[in-house]
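Take a look at the structure set out below.
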There are 2 protein chains.
Amino acid sequence: MSRAFTNPHLLSEETVKNVLRIADEIGYVPNHTARALSTGRYANIAIIVPDIANPFFPPMIKAAQEDADNSGFCVFLGNSNEDPAREDQLLARFLGQVEGFILVSSRLGEQRIRHYVERCPLVLINRDIKGLPRVLIDSGPGVSEAVHHLAELGHKSIAYLSGPKRSWSNTQRLAAVKKAGRELDLKVSVISTTTPSYQAAREVSARLINTGATAVISFDDLTAQGVIAGLSDHGLVVPRDISVVGCDDVLDAATHPSLTSVSSRSAESGRTALSILLDFLRKGNTGDIRFSLDTRLVSRETTARPRLP
Amino acid sequence: MSRAFTNPHLLSEETVKNVLRIADEIGYVPNHTARALSTGRYANIAIIVPDIANPFFPPMIKAAQEDADNSGFCVFLGNSNEDPAREDQLLARFLGQVEGFILVSSRLGEQRIRHYVERCPLVLINRDIKGLPRVLIDSGPGVSEAVHHLAELGHKSIAYLSGPKRSWSNTQRLAAVKKAGRELDLKVSVISTTTPSYQAAREVSARLINTGATAVISFDDLTAQGVIAGLSDHGLVVPRDISVVGCDDVLDAATHPSLTSVSSRSAESGRTALSILLDFLRKGNTGDIRFSLDTRLVSRETTARPRLP
DNA sequence: GTGAAAGCGCTAACAG
DNA sequence: CTGTTAGCGCTTTCAC
């Protein structure tokens, strides 16, 4: 039976046919778990994300899952809920039944991540740890492009609405805004929120207005929408009074006015991470991989010339 | 070792402590797979959806996953991509390693579904098959509530922007609009689009305006946003000139003006399905369950009194 | 309380 | 090519 299912070429055609026929008759299906225990090949991988409901992640999960599927792998999905402890628990729970992990925007300490890497192949997305395979969506170019776009429109003072302090993408975006601002001789103000939520962003609008900025680049699209609502609470209209740029481009053009945003390439990052993982499973150590995906600005309706004073 | 991890109360306190300490020292972790093979309890379930990237599903997945997690279950995620064959393959692949399935908006033939039900506990979401446990989201009440809401605001003439003709939810919503409209003595116009996309909805705005309707109920949130943009193309502002209601409430309040919408209760459906599944795993047969989730109107900023002529 | 051993369903190595 | 068997890492009886 085992051979008929896994190595049919080792058996005579007739035997194989016979076995398969009988299996079908009695409704026999090979037991995935027993096979995994015996071979150590689980044919499972796990993807762990901070928040499934954040629209940034589904395209990534979908892409990775589709490719995994085509390679005969099943995928576990873990939702850490932005909580390192939960993430850790998830990793531990999956450990005994997967051949590899894709860890997205991990909030876990580097120590813990290395702990798991020693036990199971793992590739990171949007977390930059030397020596570990990682794919990074580099918002630098896109954000930089956004600043240039604003400067060209005539803005002299801009603000960056910051995301989670420990987030790699936030660090990246903040740095890009500052760098481009310096190069173009713009005033750059930075505003922080407690959490990167719509509501938090909405509530921070007064501080935003006080900076005197005529344009805002926000940590992501969700907070950008919060900013737009918050500005409206103060009677300001986007883009007439203030221009707004989001990041991740998860809304496509589906809001009104449609949001100018920095593309995220979420799906590609998932596909890339999966292919790195599968490569590793097939060929073993592949050296220090750091795959960087550039971003671009998608210019839409929330950016315009600043209103004359 | 086995007892120390799974039945510590059967051992002396000291022995347990010893085992755990040594386990920690040598980095020992119980093997999930071996345990599953031995006990037949996999502590895994699978959720299969047509399209992870459709914003309707992530809240459902997230909710189910969270509850599963808290009950010690790992969850496999399958994406059928709306393809029955792929869905079938996914089911088969998961079969040997899960204790149960949640099958969402299944495109599979009833025969095949019953085939799997005989082999593994399974609960359906948004698919109504007699005798199988199922949870259904009924958009009727919410849509009806929306019509009442508009009538109370003073609207006399409303329009329904139709979704796919063959879609069950569209049929249901259209019927609810018509019925409530009749009861409240409103004029109801129906506008169709080729596909339920943002762009298609945007392009249909002239026809919408020509109906003379002062309020629009749209098939879903995406098309509702298209309507808002299309109206704006004609110089009309929502809700000042025209009120707009969406369906599914996938945007939360995250747009501006925030969209009045009919809740989809996506998360609750996931939670409910999971709890039915776990109940079944614990207590066995629970009879014919058909759990219907009513919807409600979530009133936000895109509906208001009609402008006086 | 604790040790020993059978067995979950499969694979892989070893004979024939 | 095909039959047989040890063993994957755990749980669960059955003795002690």
Side-chain angles (χ1 to χ4, degrees), chain A residues 1-46 71-74 76 89 91-101 116 118-121 281-282 284, chain B residues 1-46 71-74 76 89 91-100 116 118-121 281-282:
Chain A
M1 163 268 124
S2 177
R3 287 194 268 253
F5 274 90
T6 53
N7 292 89
H9 64 277
L10 291 181
L11 259 40
S12 83
E13 217 168 277
E14 200 188 319
T15 313
V16 173
K17 218 168 58 189
N18 257 318
V19 175
L20 259 36
R21 181 179 50 74
I22 299 193
D24 193 54
E25 277 175 27
I26 62 177
Y28 167 85
V29 184
N31 183 308
H32 195 122
T33 306
R35 173 180 299 175
L37 182 60
S38 165
T39 59
R41 293 198 314 277
Y42 298 99
N44 292 151
I45 63 152
S71 297
F73 282 79
C74 295
F76 280 111
Q89 186 191 32
L91 259 326
R93 198 172 277 173
F94 289 139
L95 197 56
Q97 47 186 344
V98 302
E99 290 181 55
F101 287 100
Y116 286 108
E118 280 170 21
R119 287 165 178 69
C120 189
L281 293 180
R282 278 192 282 262
Chain B
M1 163 269 123
S2 178
R3 288 194 266 253
F5 274 89
T6 54
N7 292 86
H9 64 276
L10 291 181
L11 259 41
S12 83
E13 218 170 275
E14 199 188 318
T15 313
V16 173
K17 220 170 56 186
N18 256 320
V19 175
L20 260 36
R21 182 179 49 76
I22 299 193
D24 192 56
E25 278 176 28
I26 63 178
Y28 168 86
V29 185
N31 183 310
H32 195 123
T33 306
R35 172 179 300 174
L37 181 60
S38 164
T39 59
R41 293 198 314 277
Y42 298 100
N44 292 150
I45 63 152
S71 296
F73 282 80
C74 296
F76 281 110
Q89 186 191 32
L91 259 325
R93 200 172 275 172
F94 290 138
L95 197 57
Q97 46 186 343
V98 302
E99 288 180 56
Y116 287 108
E118 280 170 21
R119 286 166 178 69
C120 189
L281 293 181
R282 278 191 281 261

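Per chain, numbering begins at 1; letters A, B, ... match sequence-line order. Computation of the quantities below employed the complete heavy-atom set of this structure, encompassing side-chain atoms and omitting hydrogens, waters and symmetry-equivalent molecules.
- DNA chain C is contacted by both A/Arg3 and A/Pro30; A/Pro30 maps to the nucleotide lying nearer its 5′ end (nearest heavy atom per residue).
- Here the OG1 atom belonging to A/Thr15 is positioned 11.0 Å from the CG atom belonging to A/Leu20, to the nearest 0.5 angstrom.
- By the 4.5 Å heavy-atom criterion applied to side chains, A/Phe101 and A/Leu91 are counted as neighbours.
- Among D/dC10, D/dT2, C/dC8, the nucleotide with an atom closest to any side-chain atom of A/Ser12 is D/dT2.
- OP1 or OP2 of C/dT2 sits under 4.0 Å from a side-chain N or O of B/Thr15.
- Of the candidates D/dT12, C/dT11, C/dA13, the closest approach to any side-chain atom of B/Thr39 belongs to D/dT12.
- Regarding A/Gln97, its CD atom lies at a distance of 14 Å from the C1' atom of D/dC10, rounded to whole Å.
- A heavy-atom distance below 4.5 Å is found between the side chains of B/Arg35 and B/Pro30.
- A straight line from CG of B/Asn7 to P of C/dG1 spans 13 Å, rounded to a whole angstrom.
- Contact check for B/Ser2 versus B/Thr6: side-chain heavy atoms found under the 4.5 Å cut-off.
- Between the CG atom of A/Asn31 and the P atom of D/dC8 there is a distance of 18 Å, given to the nearest Å.
- Residues A/Glu99 and A/Asn44 are not in side-chain contact: their nearest non-hydrogen atoms beyond the backbone lie 4.5 Å or more apart.
- If you check D/dT12, C/dC10, D/dC8 against the side chain of A/Tyr28, the one that comes closest is C/dC10.
- Note on A/Phe5: nothing from the nucleic acid sits closer than 4.0 angstrom, heavy atoms only.
- Sorted by first and then second residue, the pairs that involve residues 3-46 of chain B and meet ring pair (Phe, Tyr, Trp, His ring centres under 6.0 Å), not counting sequence neighbours, are B/Phe5-B/Tyr28.
- At D/dT11, one or more side-chain N or O atoms of B/Ser2 fall inside 4.0 Å of OP1 or OP2 (strictly under the cut-off).
- With respect to A/Arg21 and A/Glu25, a salt bridge is recorded, a charged nitrogen being found less than 4.0 Å from a carboxylate O.
- Rounded to 10 degrees, the angle between the two end axes of the helix from C/dG1-D/dC16 to C/dG16-D/dC1 is 40°, with five pairs used at each end.
- Counting non-hydrogen atoms under 4.0 angstrom, A/Val29 reaches the backbone sugars and phosphates but no base.
- If you measure from atom CG of B/Asn18 to atom P of C/dG3, you get 11 Å, rounded to the nearest angstrom.
- One atom, CZ of A/Arg35, and another, C1' of D/dG7, lie 17 Å apart when rounded to the nearest Å.
- As rounded to whole Å, 16 Å separates atom C1' of D/dC10 from atom CG of A/Leu95.
- B/Tyr42 has no side-chain polar atom (N or O) that falls below the 4.0 Å cut-off from OP1 or OP2 of C/dC8.
- A 4.5 Å side-chain heavy-atom check between A/Phe76 and A/Val98 finds at least one atom pair inside the cut-off.
- In this structure, B/Ser38 does not reach the D/dT12 phosphate: none of its side-chain N or O atoms is under 4.0 Å from OP1 or OP2.
- For the pair A/Met1 CE and D/dT5 P, the computed distance is 18 Å after rounding to whole Å.
- Here C/dT2 is the nucleotide among C/dC14, C/dC10, C/dT2 with the atom lying nearest to any side-chain atom of B/Leu11.
- Rounded to an integer number of Å, the gap from B/Leu37 CG to C/dG7 C1' is 9 Å.
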